[in-house]
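Note sheet for the following structure.
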Amino acid sequence: MSEQQQPRIGIIGTGAIGGFYGLMLARAGFEVHFLLRSEYDAVSRNGLRVNSTEHGELLLPEVHAWQDAAQMPQCDWVLVGAKTTSNADLAPLINQVAAPDGKVVLLQNGFAVEEQLRPLLQQNLHLLGGLCFICVHRSAPGVIEHQAQGGVNLGYHSGPVSKEEGYVIAQQGAALFQLAGLASKAMQHLEEARWQKLVWNIPYNGLSVLLNSNTAELMANPSSRALIADLMTEVIAASTACGYPLPEQLVQGMLKVTEAMPAYLPSMHHDYSLQRPMELQAIYQAPLDAAQAAGCAMPKVSMLLQTLEYLSA
Ligand SMILES: NC(=O)C1=CN([C@@H]2O[C@H](COP(=O)(O)OP(=O)(O)OC[C@H]3O[C@@H](n4cnc5c(N)ncnc54)[C@H](OP(=O)(O)O)[C@@H]3O)[C@@H](O)[C@H]2O)C=CC1
Ligand SMILES: CC(C)(CO)C(=O)C(=O)O
């Protein structure tokens, strides 16, 4: 299918993120193909459903659902909605599904996720990062609860074109999400944006697991709130040491944004409670390694990782 007409979109990992964005793109008229694993039967039978505080109850009754990536048609855009812990296993599937010159977008949290996947991808493929600002989780097979937000920003990482052409590709990707009614923009500096998002994910993801609490509970207690601010300050210092200066005021800004959010359990909390692997490498170890290489210690982040490793052993 020619991309001039209508790009075909593939979703690799149809969980909360893959299901939500895939459904929104399908409702906007795109041909979207979904790779599923444990929820294949339910989604083939009942379709995909999103219960959204913003968009109401959405149903995609007829889903192009696939269990085997080898059977999927080649896609111009491949959106990876699996957890980062699956990336190495998924690389051969991504290579299969992506059209020659395809665009692969990692809709994932964490740091250096593109660097880890890049060597496993075919050289002709474009690789982008997609930062999702959204609160979604699965409540049943094929059913996604959308609590708040919904934006997604794209940054070009690597591929067979110049940086400038890569930015144009990121703009084309953002345009797809905009057509689906979602806030989306292209970013010039993917790595800096990943650090900035970690200022939120590093404290809240891990502490929600360790203290078995949602964001509202974590914000209401003076001790956990102070710890969140300390962790954020460490991430800002690390980002700055790595060459991406972030303003100190980001701490107060993010605390304020979180207070305005509904009580929210980050995806790591769901992973821990359902005994799935937690994204410790991408969200903690990779930024810790980068900070250490830049001569910056993150003692509280390091301790948080050690406690999470204890829990996941
Ligand atoms: N949830 C949120 O609000 C946000 C999440 N993020 C980030 O988005 C990413 C995705 O998170 P989220 O959507 O919550 O995760 P989910 O656990 O809801 O979804 C992951 C999906 O990937 C599927 N998957 C994993 N491996 C395979 C495989 N080999 N073949 C087919 N399917 C596979 C899983 O299938 P199965 O059901 O069989 O395990 C599941 O459907 C993470 O990096 C997260 O940090 C970012 C911002 C917000
Ligand atoms: C920060 C938040 C909650 C919303 O922007 C999010 O995107 C996440 O859980 O990673």
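Note that the structure is predicted; figures quoted are calculated from it, not measured. Whatever order the structure lists ligands and atoms in, that order sets their numbers, starting from 1.
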Would you sort out whether Q188 and Y167 count as a side chain to side chain contact (heavy atoms under 4.5 Å, CB included), showing the intermediate values? CA-CA 7 Å; Q188 291 279 7; Y167 183 67; 3.7 Å; yes
Can you see which heavy atom on [X] is nearest to which on [Y], and at what distance?
X	Y	value
A290	F111	CB-CE2, 3.6 Å
G151	Y21	O-OH, 3.1 Å
Y284	V301	CD2-CG1, 4.0 Å
N205	P266	OD1-CB, 3.4 Å
V257	Q149	CG1-NE2, 4.4 Å
L304	T307	O-OG1, 2.7 Å

If you measure from each non-hydrogen atom of [X] to ligand 1, which part falls under 4.0 Å: side chain, backbone, both or neither?
X	value
I12	neither
H137	neither
E279	side chain
Y21	neither
C135	backbone
S267	side chain

Closest approach of any protein heavy atom to [atom], naming residue and atom:
atom	answer
atom 20 (C) of ligand 1	G81 O, 3.5 Å
atom 36 (P) of ligand 1	S38 OG, 3.4 Å
atom 28 (C) of ligand 1	L90 CD2, 3.5 Å
atom 48 (C) of ligand 1	I134 O, 3.3 Å
atom 11 (O) of ligand 1	K83 CE, 3.4 Å
atom 1 (N) of ligand 1	V136 O, 2.8 Å
atom 10 (O) of ligand 2	K197 NZ, 2.7 Å
atom 47 (C) of ligand 1	C132 O, 3.3 Å
atom 4 (C) of ligand 1	I17 CD1, 3.6 Å

Is it the case that K197 places NZ or CZ above or below the six-membered ring of F133, under 6.0 angstrom from the centre and within 45 degrees of the axis?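 Verdict for F133: a cation-pi partner in K197.
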Can you confirm, on distance only, whether ligand 1 has an N/O atom lying under 3.5 Å from any N/O atom belonging to [X]?
X	result
T84	no
G13	no
A16	yes
G15	yes
D271	no

Heavy atoms only: which of [options] lies closest to [atom]?
atom	options	value
atom 4 (C) of ligand 2	M268, M254, Q149	Q149
atom 8 (O) of ligand 1	N109, L36, L107	L107
atom 37 (O) of ligand 1	R37, Q67, R138	R138

Short list, please: which atoms of ligand 1 are under 4.0 Å from a heavy atom of [X]?
X	result
K197	47 (C)
Q108	43 (O)
R276	17 (O)
A82	9 (C), 10 (C), 20 (C), 22 (O), 25 (C)
T14	41 (O)
S86	25 (C), 26 (N)

ILVMFWY cluster, L23 and W66 together (side-chain gap under 4.5 Å):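 Unlinked, L23 and W66 end up in two clusters.
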Given side chains that start at C-beta, do those of [X] and [Y] come closer than 4.5 Å, heavy atoms only?
X	Y	result
F34	V43	no
M254	Q196	yes
P287	R194	no

Test item, H270 contacting ligand 1 (heavy atom, 4.0 angstrom):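 No, H270 has no heavy atom closer than 4.0 Å to ligand 1.
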In this structure, does ligand 1 have an atom that sits under 4.0 Å from one of the heavy atoms of Y264?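 The answer is yes, since Y264 has a heavy atom less than 4.0 Å from ligand 1.
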Would you mind running through ligand 2 and noting each atom that sits below 4.0 Å from a heavy atom of [X]?
X	value
W200	1 (C), 3 (C), 9 (O)
N109	10 (O)
N201	8 (C), 9 (O), 10 (O)
I134	4 (C), 5 (O), 6 (C), 7 (O)
C132	7 (O)

Name the orientation class of the two ring planes belonging to [X] and [Y] (parallel below 30°, tilted from 30 to 60°, perpendicular beyond 60°).
X	Y	result
H270	H137	parallel
H146	H55	parallel
H33	H64	parallel

Within 6.0 Å of CD in Q122, more than 12 heavy atoms from elsewhere: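 Result for CD/Q122: enclosed.
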Counting only heavy atoms from other residues, nucleotides and ligands, does the tally under 6.0 Å from OH of Y264 exceed 12?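 Yes - once you tally the heavy atoms of other residues, nucleotides and ligands closer than 6.0 Å, there are more than 12.
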Would you mind telling me if ligand 2 is within reach of the side chain of Y264, the backbone, both or neither, using heavy atoms under 4.0 Å?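 It is the side chain that gets close, since no backbone atom is under 4.0 Å.
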So, applying side-chain contact (heavy atoms from CB on, under 4.5 Å) with L117, which one of T84, L90, I94 is it?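 With L117 as partner, side-chain contact (heavy atoms from CB on, under 4.5 Å) holds for just one option, I94.
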Using side chain to side chain contact (heavy atoms under 4.5 Å, CB included), reason through M24 and F20 one step at a time and then give a plain yes or no. CA-CA 6 Å; M24 295 301 281; F20 174 83; 3.8 Å; yes
Audit row: N124, D101, side chain to side chain contact (heavy atoms under 4.5 Å, CB included) steps and yes/no: CA-CA 6 Å; N124 58 310; D101 196 37; 5.6 Å; no
Kindly determine whether M232 and Y204 satisfy side chain to side chain contact (heavy atoms under 4.5 Å, CB included), including the steps that lead there. CA-CA 10 Å; M232 286 181 170; Y204 290 102; 3.5 Å; yes
